[in-house]
Amino acid sequence: MTNAPHAQLIDGIALSAQLRQNIAQRAHALKARGLTPGLAVLLVGDNPASQVYVRNKVKACEDAGLHSVLERYDANFPEAELLARIEELNHDTSIHGILVQLPLPAHIHAHKVIAAIAPAKDVDGFHVANAGALLLGQPGFLPCTPYGVMKMLASIGCDVRGKHAVVLGRSNIVGKPMALMLLQQHATVTVCHSHTANLKAITLQADIIVAAVGKRNTLTRDMVKPGAVVIDVGMNRIPEGEEGAGKLCGDVDFAGVSQVAGYITPVPGGVGPMTITMLLTNTLEAAEREASWLETSTEATI
Ligand code: NAP
């Protein structure tokens with residue numbers, strides 16, 4: 001038995017609902033000015049998890065009053081045709097954001113596909129122009145998952161300045177941009193990966209831990225300093241034959257870590273909904289940028 005207090009939960013569903021209300025209001029205001037924000041979601045193949053993700057993204061758009069188009073292609077859709085379709089969408093004035101769901105089938109090069117999306121419509125923030133903007137601290141689209149994590153930290157009044165933030169994982173879509181966003185907000189950042197020696201010694205020093213590894217129980221209670229903020233990005237399925245088989249879980253041993261952490265995010269209901277919320281935010285912002293550009297150019301021609 002322990003007397004340690006339970007961590008406070010950072011509820012991604014509640015925070016998302018609050019942010020999506022504001023998104024819906026802004027979308028409504030844009031519509032009143034004759035511009036409906038639009039997102040195109042492209043799915044190639046029949047990966048079951050991807051099908052769920054794209055459905056959720058499209059539904060979230062509809063609920064917030066954004067226009068969305070879901071295009072599904074079969075697993076052997078040629079790369080050249082996908083690139084051609086993206087080029088059309090780059091010029092489609094009803095579409096402000098383009099998202100190609102990853103992973104793609106092996107014959108399609110993800111880097112070519114991402115490079116084909118116009119940076120101004122790259123609402124996933126994966127294009128090298130947006131990744132470079134983040135690196136240099138310039139405006140651009142932020143990748144949705146780490147952007148959502150920053151919003152969660154802000155929601156609990158966590159000022160990351162001067163804090164030691166430890167990021168587990170260094171992928172281009174989560175770990176690296178996460179580290180850069182924390183650094184930009186003046187945290188002292190340590191990035192860990194599969195070659196990191198003595199992970200526990202590092203995580204025990206952390207005021208903030210973001211776990212984005214993709215393996216359950218990567219972070220356990222003995223690895224966390226009392227009072228630390230723990231954000232669980234991981235999305236894993238509990239394997240057959242184990243208690244709770246088939247259920248979604250994160251990278252963090254939730255039951256154990258919530259005994260020592262100050263704050264913790266659940267899985268499901270934590271970072272997942274925030275990722276979609278930030279996708280809506282980026283799409284809306286892409287449309288708002290276009291609206292202000294249109295107004296400026298109209299004024300210029302008067
Ligand atoms: P990824 O590309 O597979 O990257 C995983 C990272 O974890 C790699 O950098 C890897 O190191 C590192 N790693 C592996 N074992 C480790 C260990 N024992 N200790 C520390 N680091 C270790 O995965 P990802 O795309 O970043 O996604 C990570 C997880 O987040 C997955 O579960 C994914 O499903 C989930 N996810 C969730 C959302 C959401 O909205 N909630 C969004 C995106 C991703 P190396 O670089 O050395 O291989």
Side-chain angles (χ1 to χ4, degrees), residues 10-13 15-16 19-20 41 47-57 59-60 99-104 110-111 114 123-126 131 141-153 165-182 189-206 208-220 222-224 230-239 246-254 257 264-282:
I10 312 178
D11 183 342
I13 297 176
L15 180 58
S16 281
L19 294 171
R20 288 184 201 189
V41 179
N47 180 317
S50 293
Q51 303 212 21
V52 175
Y53 298 152
V54 296
R55 262 206 312 273
N56 289 344
K57 287 169 185 174
K59 176 161 188 322
L99 180 152
V100 180
Q101 186 64 42
L102 302 178
L104 287 162
H111 67 272
I114 293 167
V123 286
D124 251 341
F126 295 163
F141 288 115
L142 298 173
C144 303
T145 300
Y147 190 10
V149 172
M150 295 307 287
K151 288 281 180 198
M152 293 179 110
L153 293 173
V166 172
V167 179
L168 309 185
R170 57 171 167 180
S171 70
N172 290 338
I173 63 171
V174 189
K176 280 185 206 160
M178 185 76 256
L180 287 168
M181 286 180 212
L182 288 161
V189 183
T190 304
V191 182
C192 302
H193 45 78
S194 67
H195 301 269
T196 297
N198 203 354
L199 188 65
K200 179 177 166 181
I202 298 167
T203 56
L204 273 173
Q205 295 174 27
I208 299 162
I209 304 174
V210 181
V213 170
K215 289 181 195 155
R216 56 192 280 252
N217 295 333
T218 300
L219 191 78
T220 48
D222 57 317
M223 298 168 78
V224 178
V230 176
I231 309 282
D232 193 352
V233 176
M235 286 207 296
N236 312 297
R237 292 266 165 212
I238 300 177
K247 280 195 181 155
L248 202 60
C249 68
D251 292 344
V252 175
D253 167 24
F254 183 85
V257 171
I264 192 166
T265 64
V267 177
V271 176
M274 288 301 292
T275 297
I276 299 185
T277 300
M278 302 330 289
L279 172 69
L280 302 180
T281 301
N282 281 348

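Numbering of ligands and ligand atoms starts at 1, following listing order. Side chains included, hydrogens not; waters and symmetry mates left out as well; all remaining heavy atoms used.
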Sole candidate of V166, T203, L199 that passes side-chain contact (heavy atoms from CB on, under 4.5 Å) when paired with L219: T203
Mind listing the N or O contacts between ligand 1 and protein, cut-off under 3.5 Å?
residue: ligand 1; atom: 9 (O); partner: R170; partner atom: N; Å: 2.9
residue: ligand 1; atom: 11 (O); partner: S194; partner atom: N; Å: 3.1
residue: ligand 1; atom: 15 (N); partner: K215; partner atom: NZ; Å: 3.0
residue: ligand 1; atom: 26 (O); partner: S171; partner atom: OG; Å: 2.5
residue: ligand 1; atom: 32 (O); partner: M235; partner atom: N; Å: 3.0
residue: ligand 1; atom: 32 (O); partner: M235; partner atom: O; Å: 3.4
residue: ligand 1; atom: 40 (O); partner: T275; partner atom: OG1; Å: 2.7
residue: ligand 1; atom: 41 (N); partner: V233; partner atom: O; Å: 3.4
residue: ligand 1; atom: 46 (O); partner: R170; partner atom: NE; Å: 2.7
residue: ligand 1; atom: 47 (O); partner: R170; partner atom: NE; Å: 3.4
residue: ligand 1; atom: 47 (O); partner: R170; partner atom: NH2; Å: 2.8
residue: ligand 1; atom: 47 (O); partner: S194; partner atom: N; Å: 3.2
residue: ligand 1; atom: 47 (O); partner: S194; partner atom: OG; Å: 2.6

Among residues at least two apart in sequence or on other chains, which ones pass salt bridge (charged side-chain N to carboxylate O under 4.0 Å, His left out) with R170? none
Look up atom CE in M235 and atom OG1 in T275, then write down how far apart they are to the nearest 0.5 Å. 7.0 Å
How long is the straight-line distance from CG of L19 back to CE of M278, given to the nearest 0.5 Å? 6.5 Å
Would you say L182 and L153 make side-chain contact, with heavy atoms under 4.5 Å? yes
Under the criterion side chain to side chain contact (heavy atoms under 4.5 Å, CB included), I'd like the reasoning laid out for V224 against I209: C-alpha separation, chi angles, the key distance, then a yes or no. CA-CA 8 Å; V224 178; I209 304 174; 4.1 Å; yes
